[in-house]
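Right, one structure below, let's go through it.
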Amino acid sequence: MGTPAADVLKPDFAASQRHFIFTEEHDRLRESIRAFVTKELAPHAAEWEESTFPDSVFRRMGELGLLGLSFPEEYSGQGGDYYCSIVLAEEMVHADCGGLAMGVAVQTDMVTPPIHVLGTEEQKQRYLVPSIAGQKIGCLGITEPDAGSDVSGIRTRAVRDGDEWVIDGSKTFITNGHRADYIVLVTKTDPDAGHDGFSLFIVDMDLPGVVREQRLQKLGMHASDTALLAFEGVRVPADALLGEEGKGFFHIMWELQGERMIGAAGCVAAAQKAFDKTLQYALERKAFGRSIGHFQVIRHKFADMATKIEAARQLVYTTAWRFANGHYPVREISMAKVYAARMACEVLDECLQIHGGAGYMKEYGIERAWRDMRLNRIGAGTDEIMLDVIGRSYGL
Ligand SMILES: Cc1cc2nc3c(=O)[nH]c(=O)nc-3n(C[C@H](O)[C@H](O)[C@H](O)COP(=O)(O)OP(=O)(O)OC[C@H]3O[C@@H](n4cnc5c(N)ncnc54)[C@H](O)[C@@H]3O)c2cc1C
């Protein structure tokens, strides 16, 4: 007779097991990114909060191959799978600098994927290759002063004039907008054609008529630059068109799926980081003769947070697995995006609370993470828009 399992099986809470989407190679990549981020980026977080991070970060990350992890080697990428991008998004949170992580994510997961998938060979050589090398910086222009959630309400127009297009309009809240060499711009080319009247262009930011207006001040993500841009009679050649004329709306909706996926992964990682840091604090900080973590109410806060973080992580990884395997799981990506963003905001708020007054002070870093995190319920599609996409997917 064998020993009953109950006698020998004991929970090993310290054990960790790699998720099935990752391999040993991803673990090694994770370690090397973590070493770079903690050594070369995190020490500057406070300074960059004041000044925004320097462009040299792109060049350094380009040298290290970190801006092209999932792109093919023929375009100077690393030839890795989609999960390498998830690893990068997760590890960037260890820079303790949300604005930096966002500026980099715009380059790696918002601007370059459409150029890779939709671009001509000439566009890939001219924009994708130098962007992967960190020599060119891109930004993405969807939002306008009068149209954010309602992308179909944008007014920026591109009008054909012989071999050129003439672009007029404005874009706002554009991350990297002040530093960018080029913008992937959403325009209307046929206002009467509904969703078939949009087109994307790659526009060099040094062209006459491109005006970088205000540097916008914001609640968090201070290390990033956020621009209001104007386009005044900007002339671009016909080959500046990205993808198919008239299909820009569908192209940008596809782009947004990758953006939401990577944002959700970053939310989970940032929530985990705040949890770990706060757990340490709760074990050390004493009140009424014991560690605050040993009050049942605080213990339950940790239990709640851990459960939500784990649920979000599983949703993100399973959805990433589908995305990487050629599915187009818009409903699940929207679920992952809204759930991870809300969860992370709740977790950051509880972490700040558990830190007490210290949580409100800059030196502990929790207040910065709390401020930075709030954007995730707004950017790349608000909570309300995500819920609407999910609801509509059931025919409602
Ligand atoms: C720091 C920062 C960086 C950004 N970076 C970029 C960038 O690089 N490029 C870019 O193009 N954009 C960028 N954005 C813009 C961002 O994607 C938009 O702010 C977001 O999509 C919401 O649009 P909006 O601000 O116009 O809000 P609105 O669309 O005006 O929404 C206002 C409120 O109404 C709600 N609402 C709107 N429509 C509905 C509806 N149908 N049902 C229910 N509720 C609704 C919204 O959920 C929200 O609560 C950035 C924004 C910020 C704050």
Side-chain angles (χ1 to χ4, degrees), residues 52-53 55 58 67 99 102-120 122-148 151 154-159 164-189 198-216 221 224-245 247-249 251-256 258-259 379-380:
T52 72
F53 71 92
D55 295 352
F58 284 104
L67 300 179
M102 178 169 72
V104 169
V106 165
Q107 178 95 343
T108 54
D109 291 273
M110 303 178 205
V111 169
T112 44
I115 300 177
H116 175 231
V117 168
L118 306 167
T120 60
E122 204 266 326
Q123 288 172 330
K124 288 180 202 178
Q125 294 302 335
R126 188 158 165 208
Y127 296 101
L128 179 61
V129 172
S131 298
I132 287 175
Q135 287 154 358
K136 270 194 178 172
I137 299 171
C139 64
L140 178 68
I142 308 173
T143 309
E144 300 188 356
D146 292 321
V151 176
I154 66 160
R155 294 204 198 137
T156 297
R157 282 277 277 128
V159 178
E164 293 182 324
W165 291 88
V166 183
I167 301 174
D168 282 281
S170 65
K171 296 286 169 183
T172 195
F173 305 155
I174 306 306
T175 303
N176 293 349
H178 281 279
R179 63 174 92 231
D181 298 294
Y182 66 92
I183 184 167
V184 171
L185 190 70
V186 185
T187 71
K188 245 182 205 169
T189 40
F198 294 77
S199 301
L200 307 186
F201 289 88
I202 309 179
V203 179
D204 288 321
M205 295 289 283
D206 58 1
L207 285 177
V210 177
V211 186
R212 302 182 209 235
E213 298 195 17
Q214 267 162 291
R215 195 177 277 273
L216 302 166
M221 299 289 196
S224 66
D225 80 73
T226 309
L228 171 63
L229 304 173
F231 299 84
E232 297 169 355
V234 180
R235 289 190 165 267
V236 296
D239 64 8
L241 180 74
L242 177 64
E244 222 180 303
E245 182 182 340
K247 297 290 173 234
F249 185 83
H251 291 334
I252 208 63
M253 288 301 137
W254 168 80
E255 180 282 326
L256 281 167
E259 184 173 337

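As the structure is a prediction and not an experimental result, all values here were calculated from the model.
- T112 is linked by a side-chain hydrogen bond (donor to acceptor under 3.5 Å, both in side chains) to nothing, counting only residues two or more places apart in sequence or in another chain.
- By the side-chain hydrogen bond (donor to acceptor under 3.5 Å, both in side chains) test, Q125 pairs with E121, sequence neighbours left out.
- With sequence neighbours left out, S199 forms a side-chain hydrogen bond (donor to acceptor under 3.5 Å, both in side chains) with T189.
- A side chain to side chain contact (heavy atoms under 4.5 Å, CB included) with V111 is found for one member of I183, I202, L128, L140 and no other, namely L140.
- Of the possible polar contacts, one joining the Q123 side chain to the L241 backbone as a donor-acceptor pair under 3.5 Å is found.
- In this structure A240 satisfies the side chain to side chain contact (heavy atoms under 4.5 Å, CB included) test together with F201, V236, P237, sequence neighbours excluded.
- With sequence neighbours excluded, the residues satisfying side chain to side chain contact (heavy atoms under 4.5 Å, CB included) with V211 are E213, A230, E232.
- For E164, the side chain to side chain contact (heavy atoms under 4.5 Å, CB included) partners are R235, not counting sequence neighbours.
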message: side-chain contact (heavy atoms from CB on, under 4.5 Å) for E255 and H251? Distances and angles first, verdict last.
response: CA-CA 6 Å; E255 180 282 326; H251 291 334; over 6 Å; no

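- Between H178 and R215, the shortest heavy-atom contact is NE2-CA, 3.3 Å.
- Pairs of residues two or more places apart, or lying in two chains, never qualify as salt bridge (charged side-chain N to carboxylate O under 4.0 Å, His left out) while including a residue from residues 131-143.
- Remark: H116 engages F71 in a ring pair (Phe, Tyr, Trp, His ring centres under 6.0 Å) (not counting sequence neighbours).
- Take D55 and apply the side chain to side chain contact (heavy atoms under 4.5 Å, CB included) test, not counting sequence neighbours, and it matches R59, I137, R179.
- Put simply, the side chain of R155 never gets that close to the backbone of T187: no donor and acceptor are under 3.5 Å apart.
- Considering only residues two or more places apart in sequence or on other chains, F249 meets the ring pair (Phe, Tyr, Trp, His ring centres under 6.0 Å) condition with H195, F198.
- Scanning for side-chain hydrogen bond (donor to acceptor under 3.5 Å, both in side chains) contacts around S170 gives an empty result, with sequence neighbours left out.
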message: With side-chain contact (heavy atoms from CB on, under 4.5 Å) as the criterion, how do I154 and V186 come out once you've worked through the C-alpha distance, each side chain's angles and the decisive distance to 0.1 Å?
response: CA-CA 8 Å; I154 66 160; V186 185; 3.8 Å; yes

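- In this structure Y182 satisfies the ring pair (Phe, Tyr, Trp, His ring centres under 6.0 Å) test together with Y127, sequence neighbours excluded.
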